Amino acid sequence: MSKAQKGRENYERKKSQKEEQSNKKTNSEESEQTHVHEFLASTKLAEEGEDRHNHRFAGVTSEVIPKGDSHVHVILTNTDFLDHHHEVGIQTGPAIPVGNGKHVHFVKGITTLDDGHVHELEFATLIEKPLV
């Protein structure tokens, strides 16, 4: 399976997980909101010569998804548009403590295949509730 196919499969799986999570939270009395993280990042360069380029993207993660002794978040967003754009659908890594009870999440993966290529990405989310 190609890297692009794996990226698309990963995107579809994460999208399905996020939809399942949303469906479980239909009654606000049954569940309470958890935290989210902001993110902003650039993809790594792709293609060669005059076509060599990258993309930027930003947004807010899903709420907490418990996993093992920690938790993760899902990111579903689009990159900026040059003459094309890519989708980013990925799950973060577990929480990484940064002091004062705060944490970030590491994210690594690839975009969807568009315009004949994918972009690798690697970044950390911002801390949750930065002013609190």
Side-chain angles (χ1 to χ4, degrees):
M1 181 179 299
S2 74
K3 201 173 190 183
Q5 288 170 320
K6 287 180 185 175
R8 186 65 187 179
E9 232 177 60
N10 187 38
Y11 170 78
E12 293 298 334
R13 185 175 65 252
K14 301 308 175 201
K15 185 176 176 183
S16 176
Q17 287 174 348
K18 187 171 183 183
E19 287 170 356
E20 285 176 24
Q21 182 186 15
S22 289
N23 292 339
K24 289 178 184 175
K25 293 186 176 187
T26 55
N27 185 343
S28 61
E29 292 178 7
E30 292 177 11
S31 61
E32 71 180 58
Q33 291 183 330
T34 59
H35 73 271
V36 296
H37 295 265
E38 297 168 283
F39 60 88
L40 65 158
S42 295
T43 66
K44 293 188 178 185
L45 292 167
E47 299 195 292
E48 297 297 329
E50 291 182 17
D51 289 334
R52 193 158 176 79
H53 67 282
N54 73 333
H55 295 271
R56 296 177 299 169
F57 56 96
V60 177
T61 67
S62 70
E63 291 185 62
V64 167
I65 301 168
K67 188 169 186 179
D69 293 339
S70 186
H71 68 277
V72 296
H73 300 269
V74 170
I75 292 173
L76 293 173
T77 192
N78 291 331
T79 66
D80 61 357
F81 185 86
L82 296 168
D83 59 352
H84 66 281
H85 75 278
H86 299 268
E87 295 173 352
V88 176
I90 196 162
Q91 181 175 289
T92 69
I96 302 168
V98 294
N100 289 338
K102 303 285 187 176
H103 68 274
V104 298
H105 296 266
F106 182 69
V107 183
K108 185 174 183 173
I110 60 172
T111 65
T112 54
L113 172 67
D114 292 285
D115 196 36
H117 65 276
V118 298
H119 292 268
E120 294 180 356
L121 46 97
E122 191 171 335
F123 64 97
T125 65
L126 303 178
I127 60 173
E128 84 285 9
K129 299 185 247 175
L131 301 178
V132 179

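Hydrogens, waters and symmetry mates play no part in the numbers below; they use all other heavy atoms, side chains included. Note that the numbering runs from 1 along the sequence shown for the chain. Everything quoted here is computed from the prediction, not taken from an experiment.
- Pairs of residues two or more places apart, or lying in two chains, that qualify as salt bridge (Lys or Arg N to Asp or Glu O under 4.0 Å) and include a residue from residues 74-86 are R56-D80.
- For the atom pair CG (L113) and OG1 (T111), the distance works out to 8.0 Å, reported to the nearest 0.5 Å.
- Closest approach of V36 and S62 over heavy atoms only: CG1-O, 3.6 Å.
- Taking Ile, Leu, Val, Met, Phe, Trp and Tyr as members and joining any whose side-chain heavy atoms lie under 4.5 Å apart, directly or through other members, the hydrophobic cluster of L126 also contains L40.
- A perpendicular orientation is assigned to the rings of H35 and H71, their planes being inclined by more than 60° (bins at 30° and 60°).
- Side chain of T43 to backbone of H55: a donor-acceptor contact under 3.5 angstrom is found.
- Taking NE2 from H119 and OG1 from T112, the interatomic distance works out to 9.0 Å, rounded to the nearest 0.5 Å.
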Open item on the list: Test side chain to side chain contact (heavy atoms under 4.5 Å, CB included) on I90 and L121; report intermediate values, then the result.
Closed with: CA-CA 10 Å; I90 196 162; L121 46 97; 4.2 Å; yes

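- In the hydrophobic clustering of ILVMFWY residues, with side-chain heavy atoms under 4.5 Å counting as a link, F106 and F123 come out apart.
- The minimum heavy-atom distance linking A95 with P97 is given by the pair O-CD, 3.8 Å.
- Interatomic distance, CG of D51 versus CG of D115, reported as 7.5 Å (0.5 Å rounding).
- The side-chain heavy atoms of E128 and H37, taken from C-beta on, include a pair separated by under 4.5 Å.
- The aromatic rings of H73 and H103 sit parallel to each other, their planes meeting at less than 30°, with 60° as the upper class boundary.
- Take E50 and apply the salt bridge (Lys or Arg N to Asp or Glu O under 4.0 Å) test, not counting sequence neighbours, and it matches no residue.
- Residue E63 comes nearest to T34 through the heavy atom pair OE1-N, 2.6 Å, listed as atom of the first residue, atom of the second, then distance.
- You'll find the side chain of F39 reaches within 4.5 Å of the side chain of I75, heavy atoms only.
- Considering only residues two or more places apart in sequence or on other chains, E47 meets the salt bridge (Lys or Arg N to Asp or Glu O under 4.0 Å) condition with none of them.
- Hydrophobic cluster membership differs between V104 and V64, with clusters built from Ile, Leu, Val, Met, Phe, Trp and Tyr side chains linked at under 4.5 angstrom.
- The distance from the NE2 atom of H85 to the OG1 atom of T77 is 9.5 Å, given to the nearest 0.5 Å.
- Cluster membership check: F57 shares its hydrophobic cluster with V107, using side-chain heavy-atom separations under 4.5 Å among Ile, Leu, Val, Met, Phe, Trp and Tyr.
- Residues satisfying the salt bridge (Lys or Arg N to Asp or Glu O under 4.0 Å) test with D114, not counting sequence neighbours, are none.
- Applying the salt bridge (Lys or Arg N to Asp or Glu O under 4.0 Å) test to K102 and every residue at least two apart in sequence or in another chain returns nothing.
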